[in-house]
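The basis for the numbers below is simple: all heavy atoms, side chains too, and nothing from hydrogens, waters or symmetry mates. As the structure lists them, so they are numbered: ligands from 1, and atoms in each ligand from 1. Just so you know, these numbers come straight off a predicted model, no measurement behind them.
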Amino acid sequence: MGVLFLLMPLVLCLSRVLGADVDPALPFSEYLDSGSSVLLRWGFDLVKDFIMFELSVKTTGWVGFGFSPNGGMEGADIVIGGVGPDGIYFTDRHAVGKFMPLLDEQQDYRLLSLTEADGQTVMKFERLIRACDKDDYPITEVPVKLIYAYGKTDNITYHRTSRGTKEVNLLKFMPKAMLPDSNYFDLTMTNLTIPTENTYYHCKVMKIPLLDQKYHVYRIEPLIENMDLVHHLLLYRCPPTVTTPTEEACYTGETQTQCFQTVAAWGVGGGAFELPEVAGIPVGGDDGKTLYRLEVHYNNQDNIAGRVDNSGLRFYYTSQLRQYDAAVLMTGLAVVPGYVIPPNTTNFHSYGVCDTSQVSQVISDPKADLHVFSVILHTHLAGRKIRVGHFRNGEQIDLLAMDEHYNFEFQQAVNLGKTKTIKLGDQLLVECTYNTENRTGLTLGGLATTNEMCLAFLFYYPAMSLSSCVSFPDPQILSHEMGAANEIEWLQMMFLKHWDEVAINEYEKTLTEIQQYLIVGNIANNVSSNTGLIPQLKAAPPVSCIKKNSSNITHPSVGLVLLLWITALLILS
Ligand SMILES: *[C@@H]1O[C@H](CO)[C@@H](O)[C@H](O)[C@H]1NC(C)=O
Ligand SMILES: *[C@@H]1O[C@H](CO)[C@@H](O)[C@H](O)[C@H]1NC(C)=O
Ligand SMILES: *[C@@H]1O[C@H](CO)[C@@H](O)[C@H](O)[C@H]1NC(C)=O
Ligand SMILES: *[C@@H]1O[C@H](CO)[C@@H](O)[C@H](O)[C@H]1NC(C)=O
Ligand SMILES: *[C@@H]1O[C@H](CO)[C@@H](O)[C@H](O)[C@H]1NC(C)=O
Ligand SMILES: *[C@@H]1O[C@H](CO)[C@@H](O)[C@H](O)[C@H]1NC(C)=O
Ligand SMILES: *[C@@H]1O[C@H](CO)[C@@H](O)[C@H](O)[C@H]1NC(C)=O
């Protein structure tokens with residue numbers, strides 16, 4: 001009795017904090033759609049290795065929910081349930097294409113309750129965090145693309161359903177900040193008539209509205225008008241040498257090609273980007289002198305004529321400055337036309353090294369560490385996997401980021417879930433795996449979607465005046481090692497070569513073993529150049545999987561969860 005009495009005020013306080021209708025076993029919640037029709041609540045226990053979900057959807061038909069490697073249907077782990085004329089149905093499935101997902105042989109999701117009332121279906125279920133079935137998706141401490149779909153009736157047909165995707169870090173959830181003192185500005189195209197070309201990059205160099213003092217941007221939202229044609233967009237800050245607004249096709253003008261300090265990015269499938277509470281992107285307080293370059297990639301496969309576009313980004317800013325300025329650093333393989341990827345291979349590896357020990361050579365005020373909180377991994381069409389290794393004193397200490405299912409159609413900033421610290425002196429290795437099995441000719445490094453890149457954009461704080469930290473193989477040594485007299489002869493040789501497995505392996509080995517040029521650039525495009533080697537990247541440790549009988553998963557009592565909450569609160573207070 002005494003203990004209960006003591007706990008009462010805490011319980012009351014808890015219910016005020018959480019709101020009356022929050023289930024303590026499901027402390028997290030997020031709408032998966034923009035119309036607030038699909039609400040996901042969840043909670044988990046890392047020790048017991050289970051995660052519980054409650055999906056509420058405004059429909060009396062079927063509901064589907066799942067985990068997708070790249071945001072699409074294919075390869076997704078899906079549950080479908082509902083209350084039909086014959087009662088409750090609920091199945092664990094997996095999709096192998098854009099059609100009805102197949103039933104898993106092993107049913108690993110456990111239904112806890114399924115109700116239909118007031119035009120709403122509520123499905124509550126649980127599963128292991130890890131997956132011990134090849135058809136289930138393991139949930140890890142990185143964001144996962146959640147997909148949902150629902151129908152008006154219990155007839156599960158593919159067409160005319162409502163569906164969508166949202167990336168959520170289930171195990172490291174960061175709720176959206178609510179700032180009282182905030183405002184926004186938009187940087188967009190203005191009435192741009194989209195050309196009928198398949199691939200078109202438009203660049204607009206412009207100013208932001210005049211801001212009397214320094215503010216911090218804390219949230220960036222996409223404003224996309226032609227969803228079917230806008231593929232991705234990037235915003236760069238220009239150096240002080242760029243003073244005139246311009247607008248033209250990208251990489252044709254003089255001034256715009258100087259603006260290379262990435263500020264923000266959005267890609268198909270992406271949503272809003274929220275900065276961590278300790279950092280913001282600085283804007284204003286510069287007499288409005290700074291120019292920004294908005295680059296939009298239009299993908300007009302059907303050559304539609306006459307579409308007018310005003311797409312861009314919305315920047316929410318606040319005068320309540322956060323502790324640190326945030327910035328973006330481009331790392332990986334330098335984008336150089338002399339870089340060549342052979343055809344006829346399903347897993348060609350390219351590497352780029354960032355050596356942060358060179359930072360002090362290009363900026364006068366190097367801070368101690370880079371605290372990285374988010375990354376954008378970037379290749380073009382041939383990219384299949386990207387991994388970013390983190391090295392200290394020659395030893396790999398972490399994989400900073402990894403995408404084993406890279407998809408050009410779904411690229412966006414991915415929150416790391418926690419802040420990772422790169423000390424000045426550490427090295428980063430960006431590894432890209434390409435598939436060129438159906439290409440007949442060489443793939444060159446470059447800006448077109450049919451060229452290739454291998455980059456990781458790191459969002460970090462405190463901001464330093466850096467723009468890039470990249471490398472590329474020494475072309476002279478490469479030519480020599482490949483038996484050519486000079487670089488021109490080498491390139492001719494590459495074009496004529498018969499690219500069978502032996503030739504490809506030999507070339508890949510040479511590329512990774514020879515000396516690299518390591519380049520670090522500041523925002524004024526001054527660079528430091530050094531030489532070095534590519535360190536060996538270790539594979540990610542395998543997720544150990546203890547096979548459990550799914551019906552053994554116990555449902556913790558509400559009492560136990562409450563007690564855990566209270567213990568946590570006591571420790572925190
Ligand atoms: C379900 O939908 C399909 C396709 O529209 C239709 O052929 C079928 O008759 C429907 N089944 C029921 C039970 O309504
Ligand atoms: C863009 O086009 C719309 C519709 O034609 C027009 O009302 C608007 O004034 C135009 N905006 C600019 C900046 O030209
Ligand atoms: C290459 O072509 C084959 C046959 O058309 C196809 O199955 C495969 O998916 C293609 N590979 C890539 C990487 O596009
Ligand atoms: C592709 O590689 C295979 C395996 O080494 C080889 O037999 C074939 O000749 C190559 N094809 C081309 C077009 O180079
Ligand atoms: C960039 O380099 C130029 C010439 O080497 C030098 O005059 C200038 O001060 C440098 N700027 C910065 C910001 O380091
Ligand atoms: C689950 O239950 C089965 C049968 O009751 C038992 O054999 C098995 O050891 C249990 N597994 C775990 C992980 O507790
Ligand atoms: C799982 O456990 C349940 C009871 O706990 C048992 O009936 C069932 O046979 C078990 N299944 C397997 C595959 O061990």
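Taking the six-membered ring wherever Trp is involved, the centroid distance between the rings of Phe185 and Phe315 falls below 6.0 Å. The ring of Tyr339 has its center no closer than 6.0 angstrom to the ring center of Phe472.
Remark: ligand 2 and Asn191 share an N or O pair separated by less than 3.5 Å (distance only, no angle test).
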Show the atom names and distances, to 0.1 Å, of all donor-acceptor pairs under 3.5 Å that link a side chain in residues 192-202 to residues at least two apart or in another chain.
unit_1 : atom_1 : unit_2 : atom_2 : d
Asn198 : OD1    : Asn303 : ND2    : 3.0
Tyr200 : OH     : His202 : ND1    : 2.8
His202 : NE2    : Glu247 : OE2    : 3.0

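Counting heavy atoms from C-beta outward, Tyr292 and Gln261 have side chains that stay 4.5 Å or more apart.
Here is the list of ligand 3 atoms found below 4.0 Å of a heavy atom in Arg384: 13 (C). Taking every heavy atom of Asn435 and a limit of under 4.0 angstrom, the matching atoms of ligand 3 come to 13 (C). Close contacts between ligand 3 and Asn438 involve ligand atoms 1 (C), 2 (O), 3 (C), 8 (C), 10 (C), 11 (N), 12 (C), 14 (O) [criterion: under 4.0 Å to a heavy atom].
When the options Asp92, Asp77, Asp108 are evaluated for a side chain to side chain donor-acceptor pair (under 3.5 Å) with Arg127, the one that passes is Asp77. When each of Glu508, Glu431, Lys509 is paired with His349, the side chain to side chain donor-acceptor pair (under 3.5 Å) condition holds for Glu508 and for no other.
In this structure a side-chain-to-backbone donor-acceptor pair under 3.5 Å is present from Arg293 to Cys259.
No side-chain N or O of Asp136 forms a donor-acceptor pair with one of His94 less than 3.5 Å apart.
A heavy-atom cutoff of 4.0 Å around ligand 4 is satisfied by the protein residues Asn344, His498, Trp499, Asp500, Glu501.
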